Amino acid sequence: MSFLTLALSLIFVLIPIVLSKTLNLGLERDTIIATIRSIIQLLAVGYVLTFVFESENSIFVILMITLMIGAATQNARKKGATIRGITWKLIGTFVFVELLTQGILLGFNIIPATAQYIIPISGMIVGNSMVLSILFLNRFTSEVETRQDETELILSLGGTPKQAVHTSLITSIKASLIPTIESQKTIGLVQLPGMMSGQIIAGADPVQAVQFQLLILFLLLTTAAVTSIMLGFLSYPTLFNKQMQMLKIR
């Protein structure tokens, strides 16, 4: 793809801007900012990855993954700003998910221990974990606020904080997992995933591309489940004080 054809693809950015303007959605500025940021960030990452891949230095790989986790934490923490210590909870969750999944991938030699594999897959892991964290925190804070009277009633009857918040916690975990599970049900029928499509466009054998895509799908399923559950059980205790009284989250 040349820079000319890439410039022509900006038509796909112009269309939503025109629609937003026509319908008074007020999303023109955000769309333009998102487009500019994506261009700058992806081009910068492209040059950085070229350098990292050529250097074959594990220190650069660790730095790249650290940068991913830091950016994901900064973005996701906004949805859970009312939960005490949410920044460290997110960092702990992202690091654990990354170590767990990469440990399995590398430990069983599912992928080679090279930057070309570790960094892109880590990006998928951390990115998916970030999205799941946002979905969970958004739903969890909403559920806790809505069920506050119910929660306080359970506490007043002698229930523990875990019992009091159980319904909100389980509902939020299930809600955050639904998009991942539902998308896997229709994979290949409704959509052809980006990684698989990219490999096929690049000339790879379709069956080989499918095998890699299945690996990513299974990987993201574990990422989603571990992220939601771990973040949930790290977050709910901070909603209560030492006397097991519920704190305000708003």
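Because the structure is a prediction, the values reported are computed rather than measured.
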Could you check if a side-chain atom of Glu143 sits within less than 4.5 angstrom of a side-chain atom of Val165, using non-hydrogen atoms only? no
Over all atoms of both residues, closest heavy-atom pair of Gln102 and Ser122: NE2-OG, 2.9 Å
Write down the atom of Ser183, the atom of Thr180, and the distance for their closest heavy-atom approach. OG-O, 2.9 Å
Co-membership, hydrophobic cluster, residues Ile216 and Ile181, 4.5 Å side-chain: yes
If we only count heavy atoms from C-beta on, is the Leu106 to Ile118 side-chain gap below 4.5 Å? yes
If you define the side chain from C-beta out and look only at heavy atoms, does anything of Leu219 sit under 4.5 Å from Met124? no
Phe136 to Gly232 - nearest heavy-atom pair and separation: CZ-CA, 3.2 Å
May I ask you to test the Phe140-Thr171 pair for a side-chain heavy-atom distance under 4.5 Å? no
Using the rule given for side-chain contact (heavy atoms from CB on, under 4.5 Å), can you reason through Ile173 versus Leu177, listing the C-alpha separation, both sets of side-chain angles and the distance that settles it, and then say yes or no? CA-CA 6 Å; Ile173 290 174; Leu177 287 173; 4.0 Å; yes
Under 4.5 Å between any side-chain heavy atoms of Ile86 and Leu137, yes or no? yes
The test is side-chain contact (heavy atoms from CB on, under 4.5 Å); show your working for Leu10 and Thr35 and say whether it passes. CA-CA 9 Å; Leu10 289 173; Thr35 302; 4.2 Å; yes
Quick check: do Leu135 and Pro179 have side-chain heavy atoms less than 4.5 Å from each other? yes
Given 3.5 Å as the limit, does a donor-acceptor pair link the side chain of Arg77 with the main chain of Thr87, or not? no
Side chains of Asp149 and Leu153 in contact at under 4.5 Å (non-hydrogen atoms): no
To the nearest 0.5 Å, what is the distance between CZ (Phe218) and CD (Gln213)? 10.0 Å
Using modelled atom types only, decide if a donor and an acceptor are shared between the side chain of Thr50 and the backbone of Gly46 within a distance under 3.5 Å. yes
Transitively linked via ILVMFWY side-chain contacts under 4.5 Å: Val226 with Ile104? yes
Indicate, with yes or no, if Trp88 and Leu99 share a hydrophobic cluster defined by side-chain heavy-atom contacts under 4.5 Å among Ile, Leu, Val, Met, Phe, Trp and Tyr. yes
Under 3.5 Å donor-acceptor, Ser129 side chain and Ile125 backbone: no
Going hydrophobic residue to hydrophobic residue with side-chain gaps under 4.5 angstrom, can you get from Ile59 over to Met64? yes
Distance in Å, Thr160 OG1 paired with Lys162 NZ, rounded so as to fall on 0.5 Å steps: 8.0 Å
Restricting to non-hydrogen atoms, name the atom on Gly92 and the atom on Met230 that form the minimum distance, rounded to 0.1 Å. O-CE, 3.7 Å
Report the C-alpha distance between Ile119 and Phe53 in whole Å, list the side-chain angles of each, state the deciding distance to 0.1 Å, and finish with yes or no for side-chain contact (heavy atoms from CB on, under 4.5 Å). CA-CA 9 Å; Ile119 292 177; Phe53 292 166; 4.1 Å; yes
Side chains of Ser228 and Ser176: do they bring a donor and an acceptor to under 3.5 Å? yes
Grab the two heavy atoms, one from Lys79 and one from Ile134, that are nearest each other, plus how far apart they are. CG-CG2, 3.6 Å
So, does Glu98 use its side chain to make a donor-acceptor pair with the main chain of Val126 at under 3.5 Å? no
As an exercise, state the distance from NE2 of His166 to CZ of Arg147, rounded to the nearest 0.5 Å. 10.5 Å
Common cluster, Phe233/Leu100, ILVMFWY with side-chain heavy-atom separation under 4.5 Å: yes
Between Phe240 and Tyr236, what is the ring plane arrangement, given parallel below 30°, perpendicular above 60°, and tilted in between? perpendicular
side-chain contact (heavy atoms from CB on, under 4.5 Å) between Asn57 and Phe60, intermediate numbers included: CA-CA 6 Å; Asn57 191 321; Phe60 293 132; 3.4 Å; yes
Could you point out which residue of Ile69, Thr227, Asn75, Leu231 forms a side chain to side chain contact (heavy atoms under 4.5 Å, CB included) with Leu90? Leu231
I'd like to check Leu215 versus Ile110 (side-chain heavy atoms, cut-off strictly below 4.5 Å). Are they in contact? yes
If you take all heavy atoms of Gln163 and Gly159, which pair is closest and at what distance? OE1-CA, 3.3 Å
